[in-house]
J.: 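Input: one structure, supplied below.
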Amino acid sequence: NRLSAVSSSDIKKLRQPIVTVLGHVDHGKTSLLDKIRGTAVVRKEAGEMTQEVGASVVPRSVIQKVAEPLKNIIPLKLEIPGLLFIDTPGHELFSNLRKRGGSVADISVVVVDVTEGFQKQTFESIQILRDRRVPFLMAANKIDRVPGWQPNPNQPFTVSISRQSKEVQSRLDTLIYKLVMDLAQLGFNAERFDRVRDFTRNVAIVPVSAKTGEGIPELLALLAGLSQRYMENRLKVVEGPAKGVVMEVKEEIGLGHTIDVIVYDGILKKNDILVLAGLNGPIVTRVRGILVPKPLQDIRIVKTDFVSLDEVVAAAGVKISAPGLEEAIAGSPLYVAEDESRIEQLKKVVEEEVSTIKIYNKDVSGVIIKSDSLGTLEAIVSAVSGEKIPIRLADVGPISKRDVLEAKLSEDEAYRVILAFRVRPLTGVDVSGVKLISNEIIYQLIDELERYIQEVRDRERRRTLESMSLPCKVKILPGFVFRRSDPIIVGVEVIGGVLKPGTTLIDKEGRQIGQVLQIQDKKKSLERATKGMEVAVSIKSNLMVGRHVNEGDFLYSDFTNDELGLLLKKFKDVVTNDMMEVIEETVKIKRKEDPLFALSVLN
Ligand code: GDP
């Protein structure tokens, strides 16, 4: 009764490909994985059940059995020992399967609800897979919900589709064609798998139902067949020291801090020296236990009890217990040092990998990013940079006093933000004065950040606009001189533009008259007066009405070249037609003194 599908005594040429499942929420990722695991449990042979941590193996024999009816379409002679499915679907965990410049995942299934088609996370999943250069199949799920579908439980799709009516067949084709178009938009050629001639050029779409099990045989056969055929080099088992990636850091009763690891290369042994990333620099420790769940007949029973193995061969999902893992970081690379002389070098490798993701730019006015793992940190940094938003600091771990301090140091108010992904402020850390944005879905986190930045920009814009004088032209109403000097108080009509307190007025010769102190209408003071309004204004001025200025005179607001430029560039929406006329008139007046006035901003 072996605990691992492959132990070092029977190393085959190739290891199991590591398979991930991605896709939009509710499209059936979890159901599909359950169905696949269920298939594996039911169809396994005695003693073949393998237990993994964070992953499930579908052994070769099961794939061969379920694919038996397909041998005409998908001839399968399996050399890989099976498929290793990562248990947790979705891109948050996928990002922790990171490996420099790529992914630990060998192949992926993008699940899409065929009745709904592509959704936001479908596009995102494919983009992530493309970034990490992971090939994928598309599972067009929920075919049992195509109107009129007659279910044929657990049958191959090719069998089930031949038993459907012509209408149902063409309904499904229409839905699949929509997926083909969406994939084409992303630059992928795609076809229903049974119409694909060249799998290196086409994405295969496999219609399935996670509910009835239809299409699961083809999905498994294609995953196995394609990875074995096109990834031979990647899957060759190397008998060297293990390489892996930390998926999760967990505290277990009686074991202390442990790490759940996917070993993707080599052999991991008890007492091996491990090097991995920690919150405060690389951790070096020795493997105390390599743990997998106790073998169970039914995979659905909660995995609680562990048994210890002496060694495992890639690919495998195991829990490692070892001293000093309190500060281990999820998403960290993990290396085994063959002997002590290699430790320093591996520490450097780990440090370098971590430093390509973490950011600290003390001269940058930008946002702070804190995340629970290296993988998610990398994904968020990439998304934020993609939106051209500057980053001051990006790190793994809870929000500390220093993070708040750094956030406050950003010159730009819009960037005094801490983006938190599955982390919280340490107790006693006061985040007032900075904007804390947390969300457990990366794209929503970024959306919220963008909304916030926009809010701040709008606020800034309003503030600037409020503090600016605007072009205007007024006429001093004959018979409405209330005070001749210091301050002058007269009644005016606004001919065009907007009159505001603080506006400096000039006459038609360009001579400065004074600054508007107050605008009043029926004893109420106004912040602005627009075209057609008749108001009383007080003007701080050394001049005198009757001597320097006269009833019936036109006055204009004064502005500089730069002020006009700002208005026309940033606040075009407040420049009404009457204001534009006033601007042109005022510019003519100003050009008497300065012939080049506003040449650069008006054309
Ligand atoms: P996830 O969020 O992508 O993991 O989606 P789930 O696996 O949780 O599925 C979401 C819902 O769709 C659940 O109510 C499932 O029962 C249902 N569902 C999943 N696959 C199928 C399918 O093939 N057919 C039908 N009819 N329902 C499905």
Side-chain angles (χ1 to χ4, degrees), residues 19-42 54-56 58 66 85-97 105 107-129 134 136-161 163-164 168-169 171-176 178-179 182 192-193 204-220 222-223 247-248 299-300 302 376 422 439-444:
V19 189
T20 55
V21 175
L22 302 184
H24 195 71
V25 61
D26 279 347
H27 279 198
K29 300 179 293 293
T30 312
S31 309
L32 190 68
L33 274 165
D34 280 349
K35 194 76 192 176
I36 289 169
R37 277 192 292 253
T39 307
V41 172
V42 174
S56 304
V58 179
V66 299
F85 282 87
I86 301 292
D87 275 343
T88 314
H91 34 309
E92 267 70 42
L93 221 77
F94 175 80
S95 44
N96 277 344
L97 282 168
I107 189 164
S108 191
V109 179
V110 176
V111 179
V112 62
D113 178 339
V114 75
T115 65
E116 272 199 4
F118 270 52
Q119 301 294 323
K120 180 138 188 165
Q121 287 167 302
T122 321
F123 284 105
E124 278 183 0
S125 301
I126 293 173
Q127 256 140 24
I128 292 175
L129 293 171
V134 180
F136 64 93
L137 299 177
M138 174 158 279
N141 191 30
K142 307 197 188 183
I143 52 170
D144 61 285
R145 293 181 57 191
V146 174
W149 186 270
Q150 299 298 322
N152 296 282
N154 302 321
Q155 287 298 311
F157 167 77
T158 32
V159 172
S160 188
I161 192 73
R163 298 186 191 157
Q164 308 295 327
V168 170
Q169 289 182 0
R171 252 174 235 148
L172 180 66
D173 265 345
T174 308
L175 294 172
I176 296 223
K178 284 200 186 126
L179 304 181
D182 279 324
R192 205 171 90 180
F193 73 96
I205 300 175
V206 190
V208 299
S209 166
K211 190 177 168 191
T212 66
E214 288 161 293
I216 302 291
E218 281 103 334
L219 188 66
L220 291 176
L222 280 169
L223 284 169
M247 298 298 286
E248 285 191 78
I299 199 108
R300 277 161 204 284
V302 185
T376 52
R422 292 190 188 162
N439 200 304
E440 302 229 329
I441 296 174
I442 291 178
Y443 81 80
Q444 286 177 357

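Read the numbers this way: they start at 1 and go in the same order the structure lists the ligands and their atoms. Reckoned from all heavy atoms, side chains included, excluding hydrogens, waters and symmetry mates.
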J.: To the nearest 0.5 Å, what is the distance between CD1 on I143 and OG1 on T212?
T.: 6.0 Å
J.: Run the numbers for me: atoms of ligand 1, each under 4.0 Å from some heavy atom of H24, listed by number.
T.: 3 (O)
J.: Tell me, do N141 and H27 make a side-chain contact under 4.5 Å, heavy atoms counted?
T.: no
J.: Show me which atoms of ligand 1 lie under 4.0 Å from any heavy atom of R145.
T.: 25 (C), 26 (N)
J.: List the closest protein heavy-atom neighbour of atom 20 (N) of ligand 1: residue, atom name, distance to the nearest 0.1 Å.
T.: N141 ND2, 3.1 Å
J.: Determine if the distance from atom 13 (C) of ligand 1 to the closest protein heavy atom is below 4.0 Å.
T.: no
J.: Within a distance under 4.0 Å of any heavy atom of D26, pick out the atoms of ligand 1 and give their elements.
T.: 1 (P), 2 (O), 3 (O), 5 (O), 10 (C), 12 (O)
J.: From atom 11 (C) of ligand 1, work out which of K211, K142, Q121 has a heavy atom at the shortest distance.
T.: K142
J.: Between D113 and R145, is a side chain to side chain contact (heavy atoms under 4.5 Å, CB included) present by the stated rule, with each step listed?
T.: CA-CA 10 Å; D113 178 339; R145 293 181 57 191; 4.3 Å; yes
J.: Considering non-hydrogen atoms of the protein only, which is the closest contact for atom 4 (O) of ligand 1, and what is the distance?
T.: T30 OG1, 2.5 Å
J.: What protein heavy atom sits nearest atom 23 (O) of ligand 1, and how far away is it?
T.: A210 N, 2.9 Å
J.: Do S108 and T20 have a side chain donor and acceptor closer than 3.5 Å?
T.: yes
J.: If I take atom NZ from residue K178 and atom CD from residue E116, how far apart are they, to the nearest 0.5 angstrom?
T.: 11.5 Å
J.: Pick one of side chain, backbone, both or neither for how D144 approaches ligand 1, counting any non-hydrogen atom pair under 4.0 Å.
T.: side chain
J.: Counting non-hydrogen protein atoms only, what is the nearest one to atom 5 (O) of ligand 1? Give residue, atom name and distance.
T.: G28 N, 3.1 Å
J.: Which of these passes side-chain contact (heavy atoms from CB on, under 4.5 Å) with F94: V134, V21, I86?
T.: V134
J.: Do the non-hydrogen side-chain atoms of N152 and V159 ever get within less than 4.5 Å of each other?
T.: no
J.: Which bit of K29 gets closer than 4.0 Å to ligand 1, counting heavy atoms only: side chain, backbone, both or neither?
T.: both
J.: Can you tell me how the ring of F157 sits relative to the ring of W149, calling it parallel under 30°, perpendicular over 60° and tilted otherwise?
T.: parallel
J.: Can you tell me the protein heavy atom closest to atom 16 (O) of ligand 1 and the distance?
T.: S31 OG, 4.2 Å
